[in-house]
Amino acid sequence: MTCPCLPPVGTALIFLLVAQLGTGLKCVCQLCTNKTCETGADGACWNSVMLIDGKEEAVKSCLSPSQMKGQVFCYSSRNVSKRNCCFTDFCNNETLHLHPERPSGGNSWSSLELVMVTLVPVCLLCVSILLWVHTLHGQRCIYRKANKNDMEETLDDQMSPDKHLKDLIFDLSTSGSGSGLPLLVQRTIARTIVLQESIGKGRFGEVWRGKWRGEDVAVKIFSSRDERSWFREVEMYQTIMLRHENILGFIAADNKDNGSWTQLWLVSEYHEHGSMFDYLNRYTISVEGMVILAVSLASGLAHLHMEIIGAQGKPAIAHRDLKSKNILVKKNGTAVIADLGLAVKHDSVTNTTDISSNHRVGTKRYMAPEVLDDTINMNTFESFKRADIYSLGLVFWELARRCPVTGIYEDYQLPYYDMVASDPSLEDMKKVVCDQKLRPNIPNQWQSCEALRVMGKIMRECWYANAVARLTALRIKKTVSQVMTIMDGKDSLASQLT
Ligand SMILES: Nc1ncnc2c1ncn2[C@@H]1O[C@H](COP(=O)(O)OP(=O)(O)O)[C@@H](O)[C@H]1O
Ligand SMILES: [Mg+2]
């Protein structure tokens, strides 16, 4: 049986070969009923593949001897067809391909190959990323460890037992950002302070004397309820370049959790004389002592008020609660401004203050008239400074009263002691200061002493109802300094004469 679809074939070479065999062949035949055909004698098994519509189509069949004539069926190896004749039973079973390197239908990858081709690079990539992350993490750990060791070493070095607080503050504040001790040092100091006795109580905190390595420190303790006040005051003290000999020396801040509540600490230099209020209550002062206190106070306020421009500059700060209870007296007889809990900073770039909260804060007795009657011009930061100047004038008055004039000392009194009750209301103060325009009395006897005369004049110029007309802290500092120079001159002249 022959396959009916095959065209005539035959070449002499194949003919001879088949003739040699002499018997018929069994071949694979796709189109035959049982997929097999027989060639009869001198035939051949035929195998071909052709490209039809881009796909390889294989044809397997038998070639009859007549079809073998010319052999055209047996040889072709072009891109579009391939034919092959063979001469053993079922020798055409194998499948021919036009592109033997690629299997039929195999422009695409086999699924295994696809999996391999995709998975291997992905796995390699993952492994590399993991290795990279691991190495990076390792390096960070080493860096952190080294850094921690470095910090610990520096801390140990900085806090060596023979170091006094003053040296520590000087070393670390001048080498750092200019805003205070590093936090780690602050915490270490705060946690090694032993509290000794309660020394004062103000608006928020209770103030204690504590010991750190044998040195006295002051610890203002806020309850967790007053966390905002603690944060605010600490923030103020940490203001870059605030440190000044006439502003309370800030040492450390710490928040200690004792299990049931949080204690907020503000550690500062301790001044055994306490507040100026306590000091004036206890002691009378010489004119020289008064001038020293006044000039140092003006100096501290001028520094607070001053804006220093530049990378290591400081913003202008207004105190807003200047009074004798918030000023401390140092051992050397100079004053330091304390209690920055209500202070405000000015941002000159945006012309804004750092808080927009109630502006009627502070102590009523010391409030400037424009604060009392709420006419203060909130649009300019100068207004807050001018209100401070009014309060400064009142503190000067408290000071001057404790100086001897013609051998007589006045007892200590708070400003307006003779005009309002002990705990005056805003209305009481407003009536006296704004409506009646009264001010503390400046005794005539002060005219007989040059320093007191100048101080009296300064006070009046601090108390103008028109805030713009008031002196500035810097002007006051300069004027009182001049008084001091005159007094020094007289002293040296006097000592030369005796
Ligand atoms: N560094 C200090 N040295 C000595 N006494 C201080 C010190 N700091 C505060 N005091 C005392 O504690 C009082 C209250 O302190 P202050 O800072 O004004 O607290 P508050 O914010 O509660 O008013 C002061 O009037 C003063 O008597
Ligand atoms: Mg206070």
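Whatever order the structure lists them in is the order used to number ligands and atoms, beginning at 1. Not measured: the values here are computed from a predicted model.
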Which side-chain N or O atoms in residues 244-253 pair as donor and acceptor under 3.5 Å with protein atoms at least two apart or in another chain?
unit_1	atom_1	unit_2	atom_2	d
H244	ND1	N246	N	2.9
N246	ND2	A335	O	2.9

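When atom types are taken as modelled, the side chain of T192 and the backbone of T188 share a donor-acceptor pair closer than 3.5 angstrom. Between the side chain of D354 and the main chain of K345, a donor-acceptor pair closer than 3.5 Å is present.
Two residues are said to be in side-chain contact when any heavy atoms from C-beta on lie closer than 4.5 Å; R439 and Y390 meet this criterion.
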Show me the short polar-atom pairs for ligand 1: any N or O of it lying under 3.5 Å from a protein N or O, with distances only.
unit_1	atom_1	unit_2	atom_2	d
ligand 1	1 (N)	S268	OG	3.4
ligand 1	1 (N)	E269	O	2.7
ligand 1	3 (N)	H271	N	3.1
ligand 1	17 (O)	K220	NZ	2.8
ligand 1	18 (O)	N326	OD1	2.9
ligand 1	18 (O)	D339	OD2	3.0
ligand 1	19 (O)	K220	NZ	3.1
ligand 1	21 (O)	K220	NZ	2.6
ligand 1	21 (O)	D339	OD1	3.2
ligand 1	21 (O)	D339	OD2	3.0
ligand 1	22 (O)	G202	N	3.4
ligand 1	22 (O)	R203	N	2.8
ligand 1	22 (O)	F204	N	3.1
ligand 1	22 (O)	G205	N	3.3
ligand 1	23 (O)	R203	N	3.2
ligand 1	23 (O)	D339	OD2	2.9
ligand 1	25 (O)	K325	O	2.7

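The residues K211 and D216 are annotated as salt-bridged, a charged nitrogen and a carboxylate oxygen being separated by less than 4.0 angstrom. Ion pair D411/R401 flagged as a salt bridge, since at least one NZ, NE, NH1 or NH2 atom sits closer than 4.0 Å to an Asp/Glu carboxylate oxygen.
For the Mg ion (ligand 2), the set of protein N/O/S atoms nearer than 2.8 Å consists of N326 OD1, D339 OD2, ordered by chain and number.
Taking E272 as the reference, K331 meet the salt bridge (charged side-chain N to carboxylate O under 4.0 Å, His left out) condition, with sequence neighbours excluded.
T380 OG1 to H346 NE2: the interatomic distance, rounded to the nearest 0.5 Å, is 7.0 Å. Note that CD1 of I199 is 11.0 Å distant from NZ of K220, once rounded to the nearest 0.5 Å.
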